[in-house]
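Notes to accompany the following structure.
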2 protein chains.
Amino acid sequence: MERSRPQTNRWDDLAADWCPVARAMSVIGDRWTLLIVRDCFLGKSRFDQFQTSLGVTRHILSDRLKRLVEAGVLERNPYSQKPLRYDYQLTDKGRDFAPALVGLKDWGKRHMPIRKPAAG
Amino acid sequence: MERSRPQTNRWDDLAADWCPVARAMSVIGDRWTLLIVRDCFLGKSRFDQFQTSLGVTRHILSDRLKRLVEAGVLERNPYSQKPLRYDYQLTDKGRDFAPALVGLKDWGKRHMPIRKPAAG
DNA sequence: GAAGGTAGGTTCCTTTTCTGAACGGAGGGT
DNA sequence: ACCCTCCGTTCAGAAAAGGAACCTACCTTC
């Protein structure tokens, strides 16, 4: 189960930063992680729900969920025994993301109108 | 001056999302962008200041600053004429990031203790 | 007036990460 | 037996990031 990662892990660099914002970015500093957390707040909890909602590749989703569990933001729990299946639930640490998420939501709502995809 | 970017631009995908958090991520959805904004709040404004503070490569810093200006979060202004030099200042849109940034700071402060780098 | 320094980038090559699509495993339904 | 669901993993190729060197324009020192 050992994930071998390259030596130069850019996520870990930020985890040692003096600034709490930088340390927060060591968890959510990529395109998808925060959106997974958002989906959890919206009641989603299963792999395929995230995958469908976000359109992220299964590969990366798997990695991000592992990181979030490792970071203590999500918990991986079995929700079915006979076909053994797990889902992901916010921990207290994850739920404490609410204010930051609301801050980002408000900013996006005020300053980022929906840009149409570049379809002809 | 035309920056040619590949067709599959993941930043733009999020800009068309229904969710304001996702649209916010279309601007700050990477490791560095939000930290540049943070540095601006801390009074930094020049290329080399960001570079020294963040340790990001000049290549990427240059790209992120351009994106932030394009997105209307920062303004690029000349601060010296004879050696023509520019710096980067927060716009109103950028300053409106404060609540989200504070939310992230609080979360990081509460939940992310400084992790020592893996030095022997 | 050449040598070296400063500020703000750009260019080039290598390393790392992400995507896209296929595959796997463990069970369920018919 | 065969296909379906869910939760992933694997692999090749594309994109992005890292690292170091280089460039431009001006200024200072010799």
Side-chain angles (χ1 to χ4, degrees), chain A residues 1-14 25-26 28-36 39-40 44-70 74-89, chain B residues 1-14 25-26 28-36 39-40 44-70 74-89:
Chain A
M1 284 310 266
E2 193 69 18
R3 249 173 316 154
S4 68
R5 297 229 187 83
Q7 305 156 310
T8 55
N9 190 323
R10 295 285 139 202
W11 298 71
D12 287 351
D13 292 359
L14 287 178
M25 293 307 278
S26 81
I28 57 142
D30 81 311
R31 202 176 337 287
W32 299 116
T33 305
L34 198 65
L35 297 178
I36 295 173
D39 272 4
C40 290
K44 299 191 171 66
S45 64
R46 314 217 305 230
F47 194 94
D48 276 16
Q49 290 179 315
F50 298 128
Q51 212 271 315
T52 302
S53 157
L54 301 177
V56 60
T57 62
R58 310 176 75 75
H59 184 74
I60 294 302
L61 178 56
S62 176
D63 181 77
R64 293 306 182 271
L65 288 169
K66 271 179 197 151
R67 281 181 199 274
L68 282 167
V69 169
E70 231 172 69
L74 299 183
E75 250 174 10
R76 184 170 181 262
N77 302 119
Y79 69 91
S80 152
Q81 283 303 336
K82 273 314 286 169
L84 185 52
R85 297 281 156 76
Y86 297 92
D87 67 1
Y88 298 86
Q89 307 277 355
Chain B
M1 285 304 269
E2 192 68 17
R3 247 174 319 155
S4 69
R5 298 230 186 81
Q7 305 156 310
T8 54
N9 191 323
R10 296 284 139 201
W11 300 70
D12 287 352
D13 293 358
L14 288 177
M25 293 307 278
S26 79
I28 56 143
D30 81 311
R31 202 175 339 285
W32 300 116
T33 304
L34 199 66
L35 297 178
I36 295 172
D39 271 5
C40 290
K44 299 192 171 65
S45 64
R46 314 216 306 229
F47 193 95
D48 277 16
Q49 289 180 315
F50 298 128
Q51 212 270 314
T52 302
S53 157
L54 301 177
V56 60
T57 64
R58 310 175 75 73
H59 184 74
I60 294 303
L61 178 56
S62 176
D63 181 77
R64 293 306 181 271
L65 288 169
K66 272 178 197 150
R67 281 182 200 274
L68 282 167
V69 169
E70 232 171 69
L74 299 183
E75 249 174 9
R76 184 171 180 261
N77 301 119
Y79 69 90
S80 154
Q81 283 303 335
K82 275 314 286 169
L84 184 52
R85 296 282 157 75
Y86 296 92
D87 67 1
Y88 298 85
Q89 306 277 356

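Keep in mind it's a predicted model, so treat the numbers as computed, not measured. Atom set for the values below is all heavy atoms of this structure, side chains included, hydrogens, waters and symmetry mates excluded. A note on names: the letters A, B, ... follow the listed sequences, proteins ahead of strands, and every chain is numbered from 1.
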Among [options], find the nucleotide with the atom closest to the side chain of [X].
{"X": "A:V56", "options": "C:dC12, D:dC7, C:dT19", "result": "C:dT19"}
{"X": "A:T57", "options": "C:dA22, C:dT19, C:dG9", "result": "C:dT19"}
{"X": "B:K82", "options": "C:dT10, C:dT19, D:dC27", "result": "D:dC27"}

Phosphate OP1/OP2 of [N] contacted by [X] side-chain N/O (<4.0 Å):
{"X": "A:K66", "N": "D:dC7", "answer": "no"}
{"X": "A:R64", "N": "C:dC18", "answer": "yes"}
{"X": "B:R76", "N": "C:dG9", "answer": "yes"}
{"X": "A:S62", "N": "D:dT9", "answer": "yes"}
{"X": "B:Y79", "N": "C:dG8", "answer": "yes"}
{"X": "A:Y88", "N": "D:dG8", "answer": "yes"}

Can you check the [X] [atom1] to [N] [atom2] distance for me, whole Å?
{"X": "A:Q81", "N": "C:dG27", "atom1": "CD", "atom2": "P", "value": "11 Å"}
{"X": "B:W32", "N": "D:dG18", "atom1": "CH2", "atom2": "P", "value": "6 Å"}
{"X": "B:D87", "N": "C:dG9", "atom1": "CG", "atom2": "P", "value": "10 Å"}
{"X": "A:W11", "N": "D:dA17", "atom1": "CH2", "atom2": "P", "value": "12 Å"}
{"X": "A:Q51", "N": "C:dG20", "atom1": "CD", "atom2": "P", "value": "11 Å"}
{"X": "B:H59", "N": "C:dC13", "atom1": "NE2", "atom2": "P", "value": "13 Å"}
{"X": "B:N77", "N": "C:dA7", "atom1": "CG", "atom2": "C1'", "value": "17 Å"}
{"X": "B:D63", "N": "D:dA15", "atom1": "CG", "atom2": "P", "value": "15 Å"}

Given 3.5 Å as the limit, does a donor-acceptor pair link the side chain of A:T52 with the main chain of A:D48, or not? yes

Any base atoms under 4.0 Å from B:R31, or only sugar-phosphate, or nothing? Heavy atoms, all strands. nothing

The residue, A:I60 or A:L84, whose nearest nucleotide of DNA chain C is more 5′ is A:I60

